[in-house]
Amino acid sequence: MLDQKVVQLLNQQVNKEFYSAYLYLDFSNFFYDQGLEGFGKWYLVQAQEERDHAMLFIQYMQNNGERAVLETIDKPAISPENAKEVLAEGLKHERYVTSLIHNIYDTAHSVKDFRTMQFLDWFVKEQGEEETNADSLVKRFELFGDDPKSLYMLDSELGSRIYTAPSLVL
């Protein structure tokens, strides 16, 4: 049986992950509107990842006799004016999600919920990768974004991203 404080945080995380999917769908729309289909696809894949992260949290809770409570997902409140702002907001959001995962981990540790800590280990590693990828996008856009040919090549590269569902065994 999971500690109720941990359950509450896991529930909140389910909804935060679904919000992340909404946010990245919004980013995808922004880039498609700008004619940057590679960036749009990159964020579309990102949205799929976030949705699957939410599903992993739900499955974990179900496997531990808890029911995930689905709340209303807020509309993304970010209105970026350019591509650089979108990418910076993406990095900021990944850092925020990392802080949420760390908070759940810390709470699980404080109640000696080693099973939840083990489950979260994958997400801790995943968030490290997410922050690295988001930071790399910001830096690469700063390097290449003003040069049309370089931006075209970066957009083409990002468009080749293929979605691979997480293979986390619960």
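Residue indices begin at 1 and follow the sequence shown.
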Could you pull out all residues at least two apart from [X] that satisfy side chain to side chain donor-acceptor pair (under 3.5 Å)?
| X | result |
| --- | --- |
| Glu129 | Lys125 |
| Glu71 | none |
| Asp74 | none |

Parallel, tilted or perpendicular, as decided by the 30° and 60° cut-offs, for the rings of His93 and Tyr24 =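 Taking His93 first and then Tyr24, their aromatic rings stand perpendicular (interplane angle over 60°).
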Identify, with sequence neighbours excluded, every residue that meets salt bridge (charged side-chain N to carboxylate O under 4.0 Å, His left out) alongside Lys5.
->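 For Lys5 there are no salt bridge (charged side-chain N to carboxylate O under 4.0 Å, His left out) partners, ignoring immediate neighbours.
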Pairing residues for Lys149 by the salt bridge (charged side-chain N to carboxylate O under 4.0 Å, His left out) criterion, not counting sequence neighbours |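 Checked Lys149 against salt bridge (charged side-chain N to carboxylate O under 4.0 Å, His left out); zero matches.
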Residue list, ring-ring contact (aromatic ring centres under 6.0 Å, His included) with Phe18, at least two apart or on another chain =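 With sequence neighbours excluded, Phe18 shows a ring-ring contact (aromatic ring centres under 6.0 Å, His included) to no residue whatsoever.
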Return the set of residues passing ring-ring contact (aromatic ring centres under 6.0 Å, His included) with Phe30 (not counting sequence neighbours), or none when no residue passes.
->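 Checked Phe30 against ring-ring contact (aromatic ring centres under 6.0 Å, His included); zero matches.
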Indicate every side-chain donor-acceptor pair of residues 79-90 with a distance under 3.5 Å to a residue at least two apart or in another chain.
residue	atom	partner	partner atom	Å
Asn82	OD1	Lys84	N	3.2
Asn82	OD1	Glu85	N	2.9
Glu85	OE1	Glu81	N	3.1

Of all residues at least two apart in sequence or in a different chain, which pass the side chain to side chain contact (heavy atoms under 4.5 Å, CB included) check with Asn64?
->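 Expected list: Leu2, Tyr60, Arg115.
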With sequence neighbours left out, what residues match Gln8 under side chain to side chain contact (heavy atoms under 4.5 Å, CB included)?
->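 Partners of Gln8 by the side chain to side chain contact (heavy atoms under 4.5 Å, CB included) criterion, ordered by chain and then number, come out as Gln12.
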Restricting to pairs with a member in residues 24-42, which pass salt bridge (charged side-chain N to carboxylate O under 4.0 Å, His left out), not counting sequence neighbours?
->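 Passing the test, one end in residues 24-42: no pairs.
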Donor-acceptor pairs are to be reported for all side-chain atoms of residues 138-146 against protein atoms at under 3.5 Å, with residues two or more places apart or in another chain.
residue	atom	partner	partner atom	Å
Lys139	NZ	Asp135	OD2	2.9
Arg140	NH1	Glu157	OE2	3.2
Arg140	NH2	Glu157	OE1	2.6
Arg140	NH2	Glu157	OE2	2.8

